[in-house]
Chemist: 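Provided herewith is a single structure, encoded as structure tokens, for subsequent inquiry.
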Amino acid sequence: MLSDDALQAWLESKALSILSGVPLSGGCIAQCFCITLSDGQQYFLKQQKDAEPPQFAAEADGLEALGRAGGITVPHVYWYSEQSLLMEYLPAGHRQPAFMVRLGEGLAYQHRRSMDLFGYAHDTWCGATRQPNTQCADGYRFFAEHRLRYLGEICVDKALLSLGDLNRIERISECLPDLIPEQAPALLHGDLWSGNVLTGPDGWPVLIDPAVYQGWPEAELAMTCLFGGFEPDFYDAYEANSSVLPDWRDRIELYNLWHLLNHLSLFGRSYQYEVETILRRYT
């Protein structure tokens, strides 16, 4: 575990101390532990030495926003600092037969609560990438400026894309109103793939590691398809409980261009072919 003076000070203020800590498998960025405190309870501790100062505050806020939305369970946040995030520890139970149905229904419920603006009250992080969330009423402008162009420029600066690729991103950005149907913004988890959906103690879904913002519901569905997709019951349940258009799958690549650009920026050229294939397809 990282030595975090702020965590130690918080524990002392609660007359608590760490009795033990067991490393847990987690993402490729943060370290995760199940810790036992002197109150006899177990907690989930997430730490990242090089986290940007607002990063864990943004994650804590995102979990709390998803919790208030009420669609799907999220762990309770107890405390956070610049390097640490202390949350409820939820050991895995036996997955319920209707797990994917509950997940689809819960996400549809979350998305039915329309928001006034795209973006969010502050920036959030998708992995190690800051997501600019400047609020605006135009979803096309938001996705073009704060998702596609933003990461396209980062990838060019890292010599992972050419200026020609950036021009293709610009052309796609200009055509978004012709390619994507109008949708009211909804509260999104923002990084919804299978690794961020856990089975809780009761056997039902739990969401972790949010990259919350207010955006197109179809973009969230597209993200679930990026790494193999969820089971058919999930999509059937979502579609039955939402107003999503039946042809939403036709737009998966457009939405996921953002996430593939992010993976290109974070993990390098192994994602270059997928990005360039989409760029050529739409320009």
Side-chain angles (χ1 to χ4, degrees), residues 66 69 71-72 98-115 118 126-127 131 138-144 146-148 151-152 165 168-169 171-197 205 207 209-264 270-283:
L66 292 172
I72 306 168
F99 180 94
M100 280 294 168
V101 172
R102 176 74 67 87
L103 181 62
E105 291 173 344
L107 189 65
Y109 179 84
Q110 177 185 312
H111 288 174
R112 284 202 300 270
R113 299 183 62 183
S114 296
M115 303 293 174
F118 291 86
C126 192
Q131 292 187 142
D138 186 337
Y140 302 111
R141 176 184 171 191
F142 175 81
F143 194 70
H146 302 303
R147 294 298 182 260
L148 298 185
L151 262 179
D165 292 325
R168 290 187 178 94
I169 289 173
R171 292 202 294 275
I172 291 173
S173 296
E174 291 173 351
C175 293
L176 286 176
D178 299 321
L179 299 170
I180 292 175
E182 288 190 16
Q183 300 162 64
L187 180 69
L188 307 186
H189 175 280
D191 193 10
L192 191 57
W193 67 291
S194 59
N196 286 339
V197 182
L207 298 183
D209 292 350
V212 160
Y213 70 100
Q214 292 158 199
W216 290 320
E218 285 189 358
E220 185 108 284
L221 279 184
M223 175 61 181
T224 69
C225 300
L226 188 55
F227 300 113
F230 292 176
E231 296 169 19
D233 285 353
F234 164 79
Y235 300 103
D236 290 345
Y238 183 92
E239 291 172 359
N241 290 276
S242 73
S243 58
V244 66
L245 294 174
D247 64 345
W248 67 267
R249 289 176 177 83
D250 295 345
R251 294 176 285 278
I252 285 175
E253 287 186 330
L254 276 171
Y255 296 120
N256 283 345
L257 180 56
W258 148 252
H259 292 290
L260 290 170
L261 286 167
N262 188 28
H263 280 72
L264 177 62
S270 60
Y271 290 91
Q272 189 173 28
Y273 176 78
E274 289 180 88
V275 168
E276 292 179 343
T277 297
I278 296 172
L279 295 181
R280 287 194 296 269
R281 184 166 294 144
Y282 284 95
T283 50

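Scope of the values below: all heavy atoms of this structure, side chains included, with no hydrogens, waters or symmetry mates.
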Chemist: Which residues pass the side chain to side chain donor-acceptor pair (under 3.5 Å) test with Q183, sequence neighbours left out?
Modeler: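 Expected list: Y255.
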Chemist: Give every residue pair that meets the salt bridge (Lys or Arg N to Asp or Glu O under 4.0 Å) criterion with at least one member in residues 211-229, sequence neighbours excluded.
Modeler: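 Applying salt bridge (Lys or Arg N to Asp or Glu O under 4.0 Å) to every pair that reaches into residues 211-229, excluding sequence neighbours, yields E218-R251.
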Chemist: Which value, rounded to the nearest 0.5 Å, describes the distance between H263 atom NE2 and Q272 atom CD?
Modeler: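 Result: 15.5 Å between the selected atoms.
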Chemist: Could you list the donor-acceptor pairs under 3.5 angstrom formed between side-chain atoms of residues 224-231 and any protein atom two or more places apart in sequence or on another chain?
Modeler:
unit_1	atom_1	unit_2	atom_2	d
T224	OG1	L221	O	2.5
T224	OG1	Y235	OH	2.9

Chemist: Nearest 0.5 Å, please: how far is CG in L148 from CG in L254?
Modeler: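 Reported to 0.5 Å precision, the distance equals 8.5 Å.
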Chemist: Which atom names give the shortest non-hydrogen contact between D250 and Y282, and what distance separates them?
Modeler: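 It is O-OH, 3.9 Å.
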Chemist: Is a side-chain donor or acceptor of Q131 paired with a backbone partner of Y213 at a separation under 3.5 angstrom?
Modeler: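 Such a contact is absent between Q131 side chain and Y213 backbone.
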Chemist: Side chains of N256 and I278: does their closest heavy-atom pair fall under 4.5 Å?
Modeler: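 Contact flag for N256/I278 side chains = no.
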Chemist: Going by side chain to side chain donor-acceptor pair (under 3.5 Å), name the residues that satisfy it together with W258, two or more places apart in sequence or in a different chain.
Modeler: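 With sequence neighbours excluded, W258 shows a side chain to side chain donor-acceptor pair (under 3.5 Å) to no residue whatsoever.
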Chemist: What residues form a ring-ring contact (aromatic ring centres under 6.0 Å, His included) with Y238, not counting sequence neighbours?
Modeler: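 Residues passing ring-ring contact (aromatic ring centres under 6.0 Å, His included) with Y238: H111.
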Chemist: Can you give me the closest heavy-atom contact between I169 and G152, atom names plus distance?
Modeler: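 Result for this residue pair: CD1-CA, 3.7 Å.
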Chemist: Does any non-hydrogen side-chain atom of Y140 lie less than 4.5 Å from one of W216?
Modeler: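 A side-chain contact under 4.5 Å exists here.
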Chemist: Quick one: pull up CZ in R147 and CG in L176 and give me the separation to the nearest 0.5 Å.
Modeler: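 Answer rounded to 0.5 Å: 13.0 Å.
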Chemist: Using the side chain to side chain contact (heavy atoms under 4.5 Å, CB included) criterion, which residues pair with R112? Sequence neighbours excluded.
Modeler: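 R112 satisfies side chain to side chain contact (heavy atoms under 4.5 Å, CB included) with A108, Y109, N241 only.
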Chemist: With sequence neighbours left out, write down each residue that passes side chain to side chain donor-acceptor pair (under 3.5 Å) with R141, or none if nothing qualifies.
Modeler: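 Partners of R141 under the side chain to side chain donor-acceptor pair (under 3.5 Å) test: E145.
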Chemist: What's the shortest heavy-atom distance between L279 and L257, and which atoms?
Modeler: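 Taking L279 first and L257 second, the nearest heavy atoms are CD2-CD2, 3.9 Å.
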Chemist: Tell me the salt bridge (Lys or Arg N to Asp or Glu O under 4.0 Å) pairs involving residues 271-283, sequence neighbours left out?
Modeler: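 Qualifying pairs, neighbours excluded: E253-R281.
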Chemist: Atom OG in S270, atom CG in L264: separation rounded to 0.5 Å?
Modeler: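 It is 8.0 Å, given to the nearest 0.5 Å.
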Chemist: Kindly write out the residues that satisfy side chain to side chain contact (heavy atoms under 4.5 Å, CB included) with T283, not counting sequence neighbours, or none if the list is empty.
Modeler: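 R168, R171, I172.
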Chemist: Can R102 be said to sit on top of F234's aromatic six-ring, NZ or CZ under 6.0 Å from centre and within 45° of the ring axis?
Modeler: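 Negative - R102 is either too far from the ring of F234 or too far off its axis.
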Chemist: Taking side chain to side chain contact (heavy atoms under 4.5 Å, CB included) as the test, write out the residues that go with A98, two or more places apart.
Modeler: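 Checked A98 against side chain to side chain contact (heavy atoms under 4.5 Å, CB included); matches are V101, W204.
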Chemist: Show the nearest heavy-atom pair for residues D191 and G127, with the distance to one decimal.
Modeler: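 In this case the closest contact between D191 and G127 is OD2-N, 4.5 Å.
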Chemist: If only atom types and distance count, is the side chain of N196 paired as donor or acceptor with the main-chain N or O of L207 below 3.5 Å?
Modeler: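 Looks like no, no N/O pair under 3.5 Å.
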Chemist: Is the shortest heavy-atom distance from the side chain of F143 to the side chain of F118 under 4.5 Å?
Modeler: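 With C-beta onward as the side chain, the pair stays apart.
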Chemist: Using every non-hydrogen atom in the two residues, find where L187 and M115 come nearest and quote the distance to one decimal.
Modeler: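 L187 and M115 have their closest heavy atoms at CB-CE, 3.7 Å.
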Chemist: Would you name the heavy atoms of A184 and P217 that are closest together and state the gap between them?
Modeler: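 Scanning both residues completely, I find the closest heavy atoms to be O-CD, 3.5 Å.
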Chemist: Mind checking side chain to side chain contact (heavy atoms under 4.5 Å, CB included) for P210 and listing every partner two or more places apart, or none if nothing turns up?
Modeler: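 E59, L63, L66, H189, V212.
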Chemist: Can you tell me how far apart CG (L103) and CD1 (I72) are? Round to the nearest 0.5 Å.
Modeler: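 Going from the CG atom of L103 to the CD1 atom of I72 covers 4.5 Å.
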Chemist: Apply the side chain to side chain contact (heavy atoms under 4.5 Å, CB included) test between R249 and each candidate in L245, D247, I252; give the one that qualifies.
Modeler: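 Testing R249 for a side chain to side chain contact (heavy atoms under 4.5 Å, CB included) against L245, D247, I252 leaves exactly one candidate, I252.
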Chemist: Considering residues at least two apart in sequence or located in another chain, which fulfil the ring-ring contact (aromatic ring centres under 6.0 Å, His included) criterion with H259?
Modeler: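 H259: no ring-ring contact (aromatic ring centres under 6.0 Å, His included) contacts found.
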